[in-house]
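Below is one structure, written out as C-alpha cells; comments come after it.
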Number of protein chains: 2
Amino acid sequence: MGSQERRTEQRREQREALRERILEVSREIVKREGFASLSMRKLAEAIDYSPAALYLHFKSRGDIARALRVEGHASLRDAFLAHTSIADPAARLNAMGRAYVEFGLAEPETYRLMFMEHTDSAQAVAEAQRKGDDHAAEQGAATLSLIADAFAELRAADRLPAHAAPLACAEGLWANLHGIVALKLTGAALPETPATTLVELSLDAWFAPANRTEPRFISANRPDTSTR
Amino acid sequence: MGSQERRTEQRREQREALRERILEVSREIVKREGFASLSMRKLAEAIDYSPAALYLHFKSRGDIARALRVEGHASLRDAFLAHTSIADPAARLNAMGRAYVEFGLAEPETYRLMFMEHTDSAQAVAEAQRKGDDHAAEQGAATLSLIADAFAELRAADRLPAHAAPLACAEGLWANLHGIVALKLTGAALPETPATTLVELSLDAWFAPANRTEPRFISANRPDTSTR
DNA sequence: GTCTATAGTGTGATAGAC
DNA sequence: GTCTATCACACTATAGAC
C-alpha cells in the first residue's frame, strides 16, 4: 500500500515534470519566433519526444496557447503589483501605464499571443465563459481592476467627474495604451514617433491636470483665469 | 498598323479587366472571411481561372494584399474628407476620430488587413520604403496629415502647448483610437465597455477643455478657481 | 496568356503496435 | 506512456504543354 502510493506519486511527478518541460520549451519558442511558428512537430523535436506524446498533456495546440496566456497574465500582473504602493492614484496610474507598455515592448510575442491573436469567434468566447475555463480572461479582469481601483480612488477624491465609471475609464486607458503597443508590434512604417513619446502624450491627455498647473489643451471658451 | 494598335489595345483592356475582376473578388472574400482565408486556389475558382493565371497579374498573394490595403486607405481618407469642412479644429478632430473607429468596426477585415496583420520584418519595411513601393504607407501618411493639420491649427490658436509636436499628437491620438478598434476586433471578452463609450472617454481626455467648462480630471494641486 | 499537373512543404491530429 | 506511421489536408508557386 505504502509502496503503491509512492509509485503512483512518482508517476504523477514525472507527468507534471514533462508537462512543465513542454510548457517551458513552448515559452521559449514563442518568445523567440512567435506562437504562429510553434508547431507540434517542432515542439516535439525540441523536447525529444514524438508529436503524439504532446497530446497526452495538452488537448490541442490551442490548449498550449491558453497555458502560455495564463503565464503572461501572471507576469503582467506582477509588473503592476510593483507599483501598488504609490499613494497618489493618478501617479500610480501613470506608473502602471508605463509598465504596461514596457511589458508589451519587452515581450512582443507574448504580448501578441495575449492580446492580438485571440481571434476566436464570438460564440467560442461565450462558450468558454459559460464553462468558466477562460482563465486568461479572469486573470485579465483581475489585473484590470487594479486600474479601475485607482480610478475609483480618483473619483472618491472628487478628481473625476461623477458620470465616468471607473471600470470604463480603466478599459479606456488600457485600450489607448494597447493601441500604442499594437501599432509598434505590427512593425509598420507608421507611427514614426517613439512609443515613449506616444505614451507620454496619452497619459498627459488623461492626467494632465493632476501633473501640471496648466491643462494640456486650453479651451477657447473658458475664461482665462490668469487675468483675474 | 491601325488594326494592329487596336488589337494590342484590346489586349491591354482585357488584361486590365481581369486584374480588376481578381481584385474585386478578392475584396469580397476578404470582407467576408478575412485575408487569412483568401487562398490562391479559392480565388482562382471564384473567377473561374486556374491558380497559375493569378500570377500573371499579381506577383504573389502579398501583392494582392498590398492592392487591397491601398483601396482601404483610399476609402478611409474619403471618410475623413467628409469632415474637413468643420471649422473648429478640436471639433474636427472629434468628428474624424469617431469616423475612424466607425470605419474600423464597419469593415473589420479590411481594417485588420490594413493595420493589424502587417507583420513584415523591419528590414522588409525599410526595403519597401527605399524602393518607394509602399504605397499604403504613403497614403497613410497623407491621411495622417489631415489629423496633424488640425493639431497644428490648435497650436496656432494657442490651444496646444508649444512642446507638443502636431505630428506626434496626431500619431498619439491615432494610436489611442486604434487600440479601441483593435481590442474589439480581436473578439476577446474584454473590454466589456462598448466602443462608443471608450471613444467618448478618449476624445474627452484629449479635448475636454475645448468641449466643456470644467476639465475632465480635477487636479489636487491646482488652486481651485471657483473660490475666488 | 492560359491551362493542367504537380512539386515541394507544411500542418494538426490520430490509430494501433509495443 | 511512448512510439512509428500515416491520414487528410492545405498552401504557394512553378514547369511545361498548348
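Each chain gets a letter, A, B and so on, in the order its sequence line appears, and its residues count up from 1. Since this is a predicted model, take the numbers as computed values, not measurements.
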Return yes if a side-chain donor-acceptor contact under 3.5 Å exists between B:Tyr49 and B:His57, otherwise no.
no
Side-chain donor/acceptor of A:Ser26 to backbone N/O of A:Ile22, under 3.5 Å:
yes
Below 4.0 angstrom, N of the basic side chain to O of the carboxylate: do A:Lys42 and A:Glu33 qualify?
yes
Is A:Arg61 close enough and on-axis enough to A:Tyr55, meaning under 6.0 Å and within 45°, for cation-pi?
no
Look at atom NZ of B:Lys184 and say whether more than 12 heavy atoms of other residues, nucleotides or ligands are closer to it than 6.0 Å.
yes
Derivation and outcome, ring-ring contact (aromatic ring centres under 6.0 Å, His included), residues A:Tyr100 and A:Tyr111:
CA-CA 10 Å; A:Tyr100 180 86; A:Tyr111 187 91; 5.7 Å; yes
Rounded to whole Å, the CZ-C1' distance (A:Arg61 to D:dA10) equals 14 Å
Stems in DNA chain C: runs of 3 or more consecutive Watson-Crick or G-U pairs, distances under 3.5 Å?
C:1-18 with D:1-18
Does either side chain, that of B:Trp206 or that of B:Asn176, offer a donor lying less than 3.5 Å from an acceptor on the other one?
yes
State whether B:Glu200 and B:Arg98 are salt-bridged, where the test is any N-O pair (Lys NZ or Arg NE/NH1/NH2 against Asp/Glu carboxylate O) under 4.0 Å.
yes
Taking atom CD of B:Glu45 as the centre, does the number of heavy atoms from other residues, nucleotides or ligands within less than 6.0 Å exceed 12?
no
Taking any atom under 4.0 angstrom from a heavy atom of chain A, which nucleotides of DNA chain C are the first and last to qualify, 5' to 3'?
C:dT11 to C:dA15
A:Arg27 with A:Glu71: basic N within carboxylate O range, under 4.0 Å:
yes
Within residues 37-52 of chain A, which residues have any heavy atom lying less than 4.0 Å from an atom of DNA chain C?
A:Leu38, A:Ser39, A:Met40, A:Arg41, A:Ala52
